[in-house]
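The structure presented is a predicted model; accordingly, all values stated were derived computationally and were not measured. Side chains included, hydrogens not; waters and symmetry mates left out as well; all remaining heavy atoms used. Each ligand, and each atom within it, is numbered from 1 in the order the structure gives.
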Amino acid sequence: MKDELFKEPLSRATDFTFNRDVAAVFDDMVHRSIPFYGEVQNMIVDLVAHYYQDETLVYDLGCSTGVLIAKLAAALPGLKGIVGLDNSEPMIEKTRERLAGLPSKVPIDLVCEDLRDFEPKRASAVIMNYTLQFVRPLYREHVMRHIFEGLVPGGILILSEKVLEDSTDISRLFVDMYYQFKRRQGYSDMEISQKREQLENVLVPYKVSEQRELLQRCGFREVEIFFKWNNFASFVAIRSL
Ligand SMILES: Nc1ncnc2c1ncn2[C@@H]1O[C@H](C[S@+](CC[C@H]([NH3+])C(=O)[O-])CC(=O)[O-])[C@@H](O)[C@H]1O
Ligand SMILES: O=C(O)C(=O)Cc1ccccc1
C-alpha cells in the first residue's frame, strides 16, 4: 500500500507513532524514505554471515515488518535462532504474517516489548536499524550497555541511524539533500514538511562523533562505518575477543 499519510493537511499537531496506519504503508514509506534501505540490509546479511558463531542468536531490535529477518533466514539457514523485537503490536503482527508464508527452517522468536526493558543473551550479532534514534537520549546508554553485555566475545552490533555532522553547515546541506531525495521519490513539499513536524520531538539524531563516543563508552573498542549516505550512517562495532 502506498504511503499517503501526509498528503492532505493534518487537522492537528501530533507526534509520529508506529501505529496501525503507519504499519499498513510502512514498506512503501521506508523504501522511499531511507536511501539504499535494501542494499544496507544485504550488506548486513553478509556481515552476520561473517561474524556468526555456532550456538548463538541473532537479534533484530525494532524489526518493523520483518523484511530483514526474512532475508537473514533465507540466506543463512544454519542460524540457531533469530529474535525480532518491536514495541509496536501492528508491526509485530506484520512480521508474523510475512514469516508465516516462508519455508524457513530457522527458529524465529518475536517479542513485543520496549527495547529499554530488554537484554539480549548469547548474541553474536545484534542489529538495530534506524531504531535507537527513536529512543529518548536519556535511555540510550542503558540500552547500549545491555547490548554489549549480551554479546559473546567477537560478536557485533550493527547500528544504522539518521545522523548529524560536527559541521553545522554540512549537516544542514546533508538534510537539504535528503529532502531532495524524498522529492525524487515522489513526496511533495507538503508531505515532507508534515512528516518532519511529526518527527521533530521523537526522532533525535546524534552526531557521528557522539554515536562513536557512546559505543566506545559502552565497551566497544572497534567501531567502523560500513555505509554512509549524507545524513544516514551504518556502524559495525565489535565486542573484542
Ligand atoms: N523503544 C522501542 N522499543 C522497541 N521498538 C521500538 C522502540 N522505539 C521504536 N521502535 C520500533 O522501531 C522501528 C523503527 S523503524 C525501522 C525499523 C526496521 N529496523 C527497519 O529497518 O525497517 C524506523 C524508521 O523506519 O526510520 C519501528 O518498527 C518501531 O515500532
Ligand atoms: O522520513 C524520514 O524523515 C526518516 O527519517 C525515515 C523514516 C522512515 C520511516 C518512519 C520514520 C522515519
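No part of Arg196 comes within 4.0 Å of ligand 2, judged by heavy-atom distances. With a 4.0 Å heavy-atom cut-off, ligand 2 is reached by no atom of Val30. Within the 4.0 Å heavy-atom criterion, both parts of Tyr130, backbone and side chain, lie near ligand 1. With a heavy-atom cut-off of 4.0 Å, Tyr130 does not touch ligand 2 at all. Within the 4.0 Å heavy-atom criterion, neither part of Met128 lies near ligand 1. At a heavy-atom distance under 4.0 Å, no atom of Leu61 approaches ligand 1.
Side chain of Tyr130 to main chain of Phe134: no donor-acceptor pair is present (N/O by atom type, distance under 3.5 Å, no hydrogens or angles). The backbone N or O of Gly154 lies less than 3.5 Å from no partner atom in the side chain of Arg239, so there is not a single donor-acceptor pair.
No salt bridge links Asp27 with Lys94; every basic N to acidic carboxylate O contact stays at or beyond 4.0 Å. Using a 4.0 Å cut-off between charged nitrogen and carboxylate oxygen, Glu210 and Lys207 do not count as a salt-bridge pair. A salt bridge between Glu55 and Lys80 is present, with a side-chain N of the basic residue lying under 4.0 Å from a carboxylate O of the acidic one. Ion pair Arg196/Glu200 not flagged as a salt bridge, since none of the NZ, NE, NH1 or NH2 atoms sits closer than 4.0 Å to an Asp/Glu carboxylate oxygen.
Near Ser88, the atoms of ligand 1 lying under 4.0 angstrom from a non-hydrogen atom of the residue are 30 (O). Close contacts between ligand 1 and Leu85 involve ligand atoms 4 (C) [criterion: under 4.0 Å to a heavy atom]. Heavy-atom proximity to Met91, at under 4.0 Å, picks out these atoms of ligand 1: 28 (O).
Between Phe26 and ligand 1, no pair of N/O atoms sits closer than 3.5 Å. Ligand 1 has a nitrogen or oxygen under 3.5 angstrom from a nitrogen or oxygen of Asn129. Annotation: Tyr37 places an N or O atom under 3.5 Å from an N or O atom of ligand 1; distance criterion only.
The nearest non-hydrogen atom to atom 27 (C) of ligand 1, considering only Leu68, Asn19, Leu203, Asp86, comes from Asp86.
Between Met29 and ligand 1 there is no heavy-atom distance shorter than 4.0 Å.
Counting only heavy atoms of the protein, atom 6 (C) of ligand 1 lies nearest to Asn87 OD1, 3.1 Å.
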